[in-house]
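Okay, structure first, notes after.
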Amino acid sequence: MASPRTITIVALSFALGLFFVFMGTIKLTPRLSKDAYSEMKRAYKSYAKALPGLKKIGVSSVLLRKIIGSLEVGCGVVLTLVPGKPKDVANFLLLLVMLAVLFFHQLVGDPLKRYAHALVFGILLTCRLLIARQSEDRPEREESREEQYLSEQERNKVKQS
């Protein structure tokens, strides 16, 4: 039977992956929701205006939206379908995207209700990454504890003889 950590990681990976595929698709195409797509276009125009440095390096609001949307779709697919270390890389990239989105919202002065989802999903991504890292570190700690115990037993045997 799978451990609770494994179940948690799989559930978080799957749910977060589907969410980011959905949100990234909304940023890229109006097929899912024309209203949401229009809102994304409007929001990214305000982000691009608030960051004039982007214009100087040739990044328009459309390119910024497409880059972030593509990252979300790609990393979401990896979180949902790909096993192993690539999930952690995708998780980390999405965490960076969420930090950038939070920065953009703060930059333009949006109220909390406009960026609460980014905050919540950033926390969920952080939790998923911490749980995934913890599950890998723990066996090493248990092995080192066993080694310490065995070496203490050997020292006690040497002292007794």
Side-chain angles (χ1 to χ4, degrees), residues 2-29 31-33 36-37 39-145:
S3 71
R5 264 194 203 111
T6 304
I7 293 169
T8 304
I9 291 170
V10 169
L12 274 173
S13 296
F14 190 74
L16 287 168
L18 288 180
F19 171 78
F20 283 107
V21 167
F22 177 73
M23 290 305 293
T25 304
I26 286 177
K27 289 178 179 76
L28 296 173
T29 180
R31 289 184 181 169
L32 292 179
S33 171
Y37 179 75
E39 179 59 28
M40 290 293 176
K41 284 174 59 174
R42 186 206 59 76
Y44 277 87
K45 282 180 185 174
S46 67
Y47 303 153
K49 284 180 187 174
L51 287 167
L54 289 176
K55 196 80 155 179
K56 290 178 185 175
I57 61 172
V59 178
S60 66
S61 65
V62 173
L63 184 59
L64 181 64
R65 181 174 43 84
K66 287 183 178 184
I67 289 170
I68 291 179
S70 298
L71 267 172
E72 288 179 352
V73 169
C75 291
V77 167
V78 170
L79 272 178
T80 305
L81 301 175
V82 179
K85 294 282 185 196
K87 282 188 183 211
D88 292 343
V89 173
N91 192 138
F92 184 73
L93 289 173
L94 286 171
L95 191 55
L96 292 178
V97 168
M98 287 298 98
L99 290 173
V101 167
L102 288 170
F103 173 73
F104 292 153
H105 282 290
Q106 286 294 308
L107 192 64
V108 297
D110 283 341
L112 178 62
K113 69 179 184 177
R114 296 253 322 149
Y115 63 89
H117 71 282
L119 195 58
V120 169
F121 282 95
I123 291 168
L124 286 172
L125 285 165
T126 303
C127 290
R128 191 223 161 267
L129 195 58
L130 290 174
I131 293 168
R133 303 297 340 148
Q134 181 184 15
S135 66
E136 291 176 4
D137 293 343
R138 188 154 268 204
E140 293 173 13
R141 289 184 195 155
E142 289 174 3
E143 288 174 12
S144 65
R145 285 182 191 156

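Since the model is a prediction, treat every value here as computed from it, not as a measurement. FYI, side chains are in, hydrogens and waters are out, and symmetry mates aren't considered; it's all heavy atoms of this structure.
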Could you go through the side chain to side chain contact (heavy atoms under 4.5 Å, CB included) check for Phe22 and Ile26 one step at a time? CA-CA 6 Å; Phe22 177 73; Ile26 286 177; 3.4 Å; yes
Residues Leu94, Leu71; criterion side chain to side chain contact (heavy atoms under 4.5 Å, CB included); working and verdict: CA-CA 8 Å; Leu94 286 171; Leu71 267 172; 5.7 Å; no
Given side chain to side chain contact (heavy atoms under 4.5 Å, CB included), test Leu79 with Arg128 step by step and report yes or no. CA-CA 11 Å; Leu79 272 178; Arg128 191 223 161 267; 3.8 Å; yes
As a quick check of understanding, evaluate side chain to side chain contact (heavy atoms under 4.5 Å, CB included) for Met98 and His117, giving each step before the final call. CA-CA 9 Å; Met98 287 298 98; His117 71 282; 5.7 Å; no
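Among residues two or more places apart in sequence or in another chain, the side chain to side chain donor-acceptor pair (under 3.5 Å) test is passed with Thr29 by none. Looking at residues two or more places apart in sequence or on another chain, you find a ring-ring contact (aromatic ring centres under 6.0 Å, His included) between Tyr44 and Tyr47.
Distance check, rounded to the nearest 0.5 Å: NZ of Lys87 to CZ of Phe14 gives 9.5 Å. Here OG of Ser61 is found 7.0 Å from NZ of Lys55. Values are rounded to the nearest 0.5 Å. Distance check: Leu32 CG to Met23 CE gives 10.5 Å after rounding to the nearest 0.5 Å. The line from CG of Leu28 to CD1 of Ile67 is 11.0 Å long, rounded to the nearest 0.5 Å. With values rounded to the nearest 0.5 angstrom, Leu63 atom CG is found 9.5 Å from Ser70 atom OG. Taking CD1 from Ile7 and CD1 from Ile131, the interatomic distance works out to 12.0 Å, rounded to the nearest 0.5 Å.
Shown here for Lys27 and Arg65, the closest heavy-atom pair between the two residues is O-NH1, 2.7 Å. Nearest heavy atoms, Val73 versus Gly24: CG2-C, 3.5 Å. Closest non-hydrogen pair, Val108 versus Ser46, comes out as CG1-O, 3.6 Å. Closest approach of Ala132 to Ile9, counting heavy atoms only: CA-CD1, 3.6 Å. Taking both residues in full, the closest heavy atoms of Leu129 and Asn91 are given as N-OD1, 3.6 Å, listed atom of the first, atom of the second, then distance. Nearest heavy atoms, Gly76 versus Val21: C-CG2, 3.6 Å.
Side chains of Thr25 and Arg31 form no contact here, defined as non-hydrogen atoms less than 4.5 Å apart. In this structure, the side chains of Leu64 and Ile68 come closer than 4.5 Å at one or more pairs of heavy atoms.
In this structure, Phe20 and Phe121 have perpendicular ring planes: the angle between them is above 60°, well past the 30° mark.
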